[in-house]
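Working notes, structure below.
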Number of protein chains: 2
Amino acid sequence: MQTHLLKTLLKISQVQSFALAAEHLNMTLSAVSMQMKNLEEQLDASLFDRKFRPPKLTPLGLAVAEKAQAVVDAEQKLMDLCHRIDHLTGRYRVGFVSTASARLLPSFLTNALRRAPDAKFDFETGLSEQLEEKVFNGQLDAAVITVSGQTDDRLKVDVLLEERLVFAAPKSLGPLGLKAMMLVAPFLHFMPSTGIGKLIAQEMARSGDGMMHSKLVLDNVEAIMECVKEGVGFTLLPEPDVMRLADNKVAIMYPEDSGLMRQLALVTLPDGPTASSTEALKSLLFD
Amino acid sequence: MQTHLLKTLLKISQVQSFALAAEHLNMTLSAVSMQMKNLEEQLDASLFDRKFRPPKLTPLGLAVAEKAQAVVDAEQKLMDLCHRIDHLTGRYRVGFVSTASARLLPSFLTNALRRAPDAKFDFETGLSEQLEEKVFNGQLDAAVITVSGQTDDRLKVDVLLEERLVFAAPKSLGPLGLKAMMLVAPFLHFMPSTGIGKLIAQEMARSGDGMMHSKLVLDNVEAIMECVKEGVGFTLLPEPDVMRLADNKVAIMYPEDSGLMRQLALVTLPDGPTASSTEALKSLLFD
DNA sequence: CAATTTTATTCGATTGATATGAATATAACG
DNA sequence: CGTTATATTCATATCAATCGAATAAAATTG
C-alpha cells in the first residue's frame with residue numbers, strides 16, 4: 001500500500017471535499033478520485049457514501065481515516081530518524097520578518113521539533129532592518145529578512161526563496177484593469193519604510209505614474225487582505241501571502257513587469273559562535 | 001512512500017540476506033536490490049553497509065527497520081478494520097487434520113484474532129475420518145480434512161486447496177532415479193490408514209510395482225522429513241510440507257503422474273447451528 | 001421544479017515507475 | 001588465488017498513475 005493514498009484520504013476528511021483536497025495536494029480532482037477508488041478497491045471497503053456530493057465518509061471510512069493517521073505518523077517518525085540534525089544543540093535566537101513569519105515560522109517549528117530535538121529556539125519578529133541590526137550585534141543568531149537594495153556586507157546572506165509580487169483587488173474592481181483601478185480605488189500600501197515596502201513603493205512609482213486615487217498605509221498583511229475582501233481597495237503583496245489569504249471575492253492580477261520579485265534570505269554573522277550551524281538552520285526552513 | 005519497501009526491508013533484516021528475502025517475497029534479487037536503493041534515496045540515508053556481502057544494516061538502518069515495523073503494524077490495523085467479520089461471535093470448535101495443521105492453523109489463528117475478535121475457538125487435530133465423524137455428531141462445528149474417495153454426502157464439503165504430492169529423498173540418493181531408489185532405500189510411508197495415506201499407498205502401488213526395498217510407517221510429517229534429511233530413506237508427501245521442511249540435503253522429485261493431488265476441504269454440517277458461519281470460517285483460512 | 005452551478009466520475013492518452021533477466025561487479029570462502 | 005555466493009547495473013517490457021476533456025450526478029437557485 002502507498003501512504004499517499006492515506007494522505008489524500010486524510011486531507012479529504014479534513015476539508016470534506018475531493019476538489020479542495022486536490023488543490024491542497026497540488027493535483028487534479030480526477031487524480032484524487034482515482035486514488036480513493038483505488039484505495040477502496042485495495043481495502044475492499046466503501047469508505048465514501050457517494051449518494052452525497054461531496055461524498056461523505058462512511059463510519060468505516062472515518063475509522064479508516066483515524067488509523068491512516070497512525071500510519072502516516074509512524075511513517076513520519078521513520079523519516080525523522082533519517083533527517084535528524086543531531087549536532088544542532090543548545091539555544092538559538094532566530095528572527096523572522098513579519099511578512100514572512102506566518103508562512104515560514106510554522107514549518108520551521110515543526111521541522112525543528114522533529115529534526116533537531118536537542119535544540120531550543122527563541123523567536124522574534126520585526127522589520128528586516130531591525131532584525132539585521134540585531135544579528136550584527138549578536139542579539140540574534142540568525143534572521144529571515146527581505147533583501148532590499150544592498151545589505152550589510154559584513155553579514156552572510158543566504159537567499160532562501162524568491163516570491164513574485166502580485167496585485168490583489170476586490171472582484172468587483174477586477175474588470176477595470178490596473179490603470180483604471182488606480183484612479184478610482186485606494187491603494188493599500190504595506191509600510192513603505194520596510195524592506196518589502198520599499199519594493200512595493202518602487203513598483204507603484206513606476207506603474208502608477210503618480211496618478212493614484214489615494215493611499216492607505218497598513219503594517220499588517222492579514223489586515224490588508226481583509227480590506228481587499230471587503231472591497232476597500234487594492235494592494236500589491238507577495239504572491240504566496242495573497243494566495244494564502246485570498247478567497248473567491250478577490251481577483252489576482254500580475255504586474256506588467258512580472259519579474260518583480262521579493263527575495264527572502266537568512267542572514268547570519270559569518271564568524272559568530274553559531275556560524276557552523278547556519279546550514280542546519282537553513283535546512284530547517286524547508287520541506 | 002510505499003509500504004512494500006518497508007516490508008522488504010523488514011524481511012531482509014529478518015533473514016539477513018537480499019537473496020533470501022527475494023525468495024520469501026516471491027520476487028527477483030534484482031527487484032529487492034532496486035527497492036532498497038529506492039528506499040535509501042527516498043530517505044536520503046544509507047541503510048546498508050555494502051562493504052559486506054550480504055550487505056549489513058547500518059545502525060540507522062536498524063533503527064529505521066524498527067520504525068518500519070511500527071508502520072506496517074499500523075497499516076495492518078487499518079486493513080483489519082476493513083476485513084472484520086463482526087457477525088462471527090460465540091465459540092467454535094474446529095478440527096484440523098494433522099497433516100495440514102502445521103500450515104493452516106497458524107494463519108487461521110492470526111486471521112481469527114484480527115478479523116473476528118469477538119469469536120472464540122477450540123482446536124482439535126486428528127485424522128480426517130475421525131474429524132469427519134465428529135462434525136457429523138456435532139462435536140465439532142467444522143473441520144479441515146483430506147478428501148479421500150467419497151465423503152459422507154450428508155456433510156457440506158468446501159474444497160479449500162489442492163496440493164501436489166512430491167517425492168523427497170536424501171540428496172545422496174537423488175541421482176539414482178525413482179525406480180532404482182525403491183530397490184535400495186526404504187520408503188517412509190505416512191500412515192496408510194489415513195486420508196492422505198490412502199492416496200500415497202495408491203500411488204506407490206502404481207509406480208512401485210510392489211518391488212519395494214522396505215517400508216517404514218510413520219504418523220508424523222516432521223519426523224518423516226527428519227529421517228529423509230538423515231538419509232534414512234525417501235518419502236512421498238504434499239509439496240508444501242516438503243518445501244517447508246526440506247533443507248539443502250533433500251532432493252525433490254516429481255511423480256510421473258504429476259497430476260497426483262491431495263485435496264484439503266472444510267467439512268461442516270449443512271444444517272447445523274453454525275451453518276451460516278461456514279463462509280466466514282472458510283475466509284479465515286486464507287490470508 | 002426546471003435551470004444552473006458545483007462537484008465528482010469516467011475515458012483515452014501520455015508519462016513515469018517497477019519488475020524481470022542477463023551481464024557485470026564485488027565480497028566471502030576454501 | 002581461483003571459485004562460489006551474493007548483490008548491482010542495465011535494457012526492456014509491463015503495469016500503474018496522472019492529466020485534460022467529456023460526462024454524470026447531486027446541490028443550489030430562481
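These numbers come from a predicted model, not from an experiment.
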Exercise for the section: Would you kindly compare Q42(A) and K51(A) by the position of their nearest DNA chain D nucleotide and give the one closer to the 5′ end? Expected result: Q42(A)
Practice task
Taking only Lys NZ, Arg NE, NH1 and NH2, and the carboxylate oxygens of Asp or Glu, determine whether D158(A) and K282(A) approach each other closer than 4.0 Å.
Solution key: yes
Handout entry: T28(A) (side chain) and dG20(D) (base): donor-acceptor pair under 3.5 Å
Key = no
Handout entry: Atom pair distance, as rounded to whole Å: CZ in R53(A) and P in dT7(C)
Key = 11 Å
Completion exercise
Taken to the nearest whole Å, CZ/F18(A) to P/dT18(D) is 14 Å
Exercise for the section: Say whether T8(A) and Q35(A), considering side chains only, have a donor N or O and an acceptor N or O under 3.5 Å apart. Expected result: yes
Practice task
Examine F234(B) together with F187(B) and report whether their ring centres are nearer than 6.0 Å.
Solution key: yes
Exercise for the section: Apply salt bridge (charged side-chain N to carboxylate O under 4.0 Å, His left out) to the pair R244(A) and E222(A), showing each step before the final yes or no. Expected result: CA-CA 10 Å; R244(A) 182 167 56 89; E222(A) 279 75 17; 3.5 Å; yes
Handout entry: Separation of dA8(C) P from E40(A) CD (nearest whole Å)
Key = 14 Å
Exercise for the section: Have a look at Q16(A) and say if it touches a base, only the backbone sugar-phosphate, or nothing, with a 4.0 Å heavy-atom cut-off. Expected result: nothing
Exercise for the section: Using atom CE of M34(B) as one end and atom C1' of dT8(D) as the other, report the distance to the nearest whole Å. Expected result: 9 Å
Handout entry: Along DNA chain D (nearest heavy atom to each residue), the more 5'-positioned of L5(A) and F52(B)
Key = F52(B)
